[in-house]
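Computed from a predicted model, the values in this text were never measured in an experiment. Counting starts at 1 for both ligands and their atoms, following the listed order. The figures here come from the full heavy-atom set of this structure, side chains too, leaving out hydrogens, waters and symmetry mates.
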Amino acid sequence: MNKFLKISTLLCIIFSSAFIFNACNKTNDNEILIGEYASLTGSEATFGQSSHNGLELAVEEINSTGGILGKQVKLITEDNQGKPSETQTVVQKLINRDKVVAIIGEVASSRSKAGAPICQAAKIPMITPASTNPEVTTIGDYIFRVCFIDPFQATVMSKFAINSMKVTKVALLVDQKNAYSTGLADNFKQIFTGMGGEILDEQKYSAGDKDFKAQLTSIKAKNPEAIFIPGYYTDVNLISIQAREIGLTCPLFGSDGWESEKLTEGKAKDALEGSFFSTHVSTDDPSPKIQEYIKKYKAKYNKEPDAMSFLAYDAGMILFDAIKKAGNTEGVNIKNELAKTKDYPGITGVITINEDRNAIKPAVVLEVKDGKFVYKETIAP
Ligand code: PHE
């Protein structure tokens, strides 16, 4: 074979293998792929739908201003149906098949705890918008959150009960297989009793239960001034109705897991009147950033945003900012930039990521009034 033929054969092999490689690898050079896992269906579907809407708004906004590093952001969303096992499957898929460079997810702590070890092992940065259980970010240095954690949320509700409501005798009703619920209940017991409060009874349920009368009857016999229920909205809706049916009239106190338009559906609208819960944002907040976001959200989705949507928007924006600063999409560089996030002007407040990869932010307490959530007070960290 002459020299020319040898070179042209070699070039041919190089070009065709490059072609085959590109054809197999779906990534488009003009796009940055971001993964999202969320409960778009299942018993906490509004959590996933709201966070997805918020993230989608962030993606649209960054793309309309030219994207990041000259590329458009493409969001690949997977529904985990609200299940930890399905979470593992979809997170593997996002990383191994779709080759995303970072992941946003989830709202519920138990699902974030299922997805985080996979992201950590693959060195793919993960930001949970709304998981408040402290253990989520201890999984590793690639795992971040843009919200406060539950020991603070427990402090907020303890202070609110004792200082604002003059309530010192409380019963607890806890979702026993939900890390968020049991963790927050433990934090509350410690902090509330430390402030001079008394826990008169502690009852358990499992998410998806339909009959809470036995637990509520036990609680009623102790005559508490309030019942603290750190659970998710689907169960709290039923619990509130059954509490009133057996003649329990005291207010119910809760936490961010209550936040959904479905909390007050049906008879729960009356059952929850005058009850309170802590969460991340109030749509009553007059801050221009919040009101501007509400306007944009309503224009696109034709409804009011809730906390998850605000937080997912911020999670997306912080991620885009970190990729921009990293200058490339290497996991380790994105992670290093996320860790340096300081005084980022988010819509949910100024966000600084601390050494435990958590955000330190104030919380708000909302009151249920006529089926709506009305701002009551803000409690600073
Ligand atoms: N904080 C809850 C959890 O960790 C999830 C949640 C956040 C729910 C915000 C509603 C609003 O499980």
Side-chain angles (χ1 to χ4, degrees), residues 37-40 42-55 80 82-84 87 104-116 126-139 143-157 174-188 207 228-237 253-264 276-283 297 304-315 346-349 351 357-359 361-366 368 373:
Y37 64 105
S39 58
L40 299 175
S43 56
E44 289 103 32
T46 69
F47 285 177
Q49 292 159 1
S50 294
S51 59
H52 173 67
N53 289 351
L55 185 55
N80 63 8
K83 298 175 188 157
T87 297
I104 306 283
E106 221 248 38
V107 170
S109 294
S110 51
R111 266 106 64 183
S112 290
K113 284 173 86 173
M126 173 187 127
I127 309 177
T128 164
S131 289
T132 45
N133 183 278
E135 287 167 15
V136 174
T137 46
T138 64
I139 288 168
I143 314 300
F144 298 84
R145 82 179 103 216
V146 292
C147 57
F148 54 66
I149 57 174
D150 286 332
F152 172 62
Q153 186 159 213
T155 308
V156 166
M157 285 315 283
V174 183
D175 179 356
Q176 59 190 342
K177 287 189 212 116
N178 176 345
Y180 159 74
S181 191
T182 56
L184 185 47
D186 286 345
N187 295 146
F188 182 82
F228 182 54
I229 314 170
Y232 291 152
Y233 65 88
T234 313
D235 302 314
V236 176
N237 174 291
F253 290 171
S255 47
D256 58 352
W258 282 29
E259 196 168 340
S260 168
E261 67 211 11
K262 299 213 178 290
L263 176 77
T264 53
F276 299 89
F277 65 96
S278 52
T279 188
H280 308 263
V281 221
S282 164
T283 49
Y297 190 97
E304 287 259 332
D306 55 23
M308 287 73 71
S309 121
F310 282 91
L311 288 166
Y313 176 92
D314 273 351
I347 46 170
T348 57
I351 302 171
R357 294 170 301 284
N358 302 323
K361 292 155 96 187
V364 293
V365 177
L366 304 183
V368 183
F373 306 149

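- Residue Ala108 approaches ligand 1 through these ligand atoms, each under 4.0 Å from one of its heavy atoms: 12 (O).
- Between Ala185 and Val174, the closest heavy-atom pair is CB-CG2, 3.6 Å.
- Of the protein's non-hydrogen atoms, the one nearest atom 11 (C) of ligand 1 is Met308 SD, 2.9 Å.
- Atoms of ligand 1 found under 4.0 Å from any heavy atom of Tyr232, numbered from 1 in the order shown, are 3 (C), 12 (O).
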Review point. Could you go step by step and tell me if Asn358 and Thr137 meet the side-chain hydrogen bond (donor to acceptor under 3.5 Å, both in side chains) rule?
Key: CA-CA 7 Å; Asn358 302 323; Thr137 46; 2.7 Å; yes
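- Assignment of Gln153 to the shell around ligand 1 is not supported, since no heavy atom sits closer than 4.0 Å.
- Within ligand 1, counting atoms from 1 as listed, the ones closer than 4.0 Å to a heavy atom of Ser131 are 4 (O).
- Looking from atom 4 (O) of ligand 1 to the surrounding protein, the closest heavy atom is Ser109 OG, 2.4 Å.
- Under 4.0 angstrom from ligand 1, there are no non-hydrogen atoms of Trp258.
- Atom 6 (C) of ligand 1 has Val107 CG1, 3.4 Å as its closest protein atom, hydrogens excluded (heavy atom only).
- Pairing each heavy atom of Gly346 with each of Ile351, the nearest pair is CA-CD1, 4.3 Å.
- Numbered from 1 in the order shown, with element, the atoms of ligand 1 that lie under 4.0 Å from a heavy atom of Phe47 read 8 (C), 10 (C).
- The heavy-atom pair separating Leu366 from Ser282 by the smallest distance is CD2-CB, 3.7 Å.
- Listed by atom number, the atoms of ligand 1 under 4.0 Å from Ala130 heavy atoms are 1 (N), 2 (C), 4 (O), 5 (C), 6 (C), 7 (C), 9 (C).
- Residue Thr279 places no N or O, backbone or side chain, under 3.5 Å from any N or O of ligand 1.
- Phe310 and Tyr297 have their aromatic ring centers separated by at least 6.0 angstrom.
- For the side chain to side chain contact (heavy atoms under 4.5 Å, CB included) with Ser255, the lone residue among Phe277, Tyr232, Tyr180 that qualifies is Tyr180.
- Summarising the geometry of Gln153 relative to Thr132, their closest heavy-atom pair is NE2-OG1, 4.0 Å, with the distance given to 0.1 Å.
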Evaluate Leu55 against Tyr313 for side-chain contact (heavy atoms from CB on, under 4.5 Å), listing each step before the verdict. CA-CA 5 Å; Leu55 185 55; Tyr313 176 92; over 6 Å; no
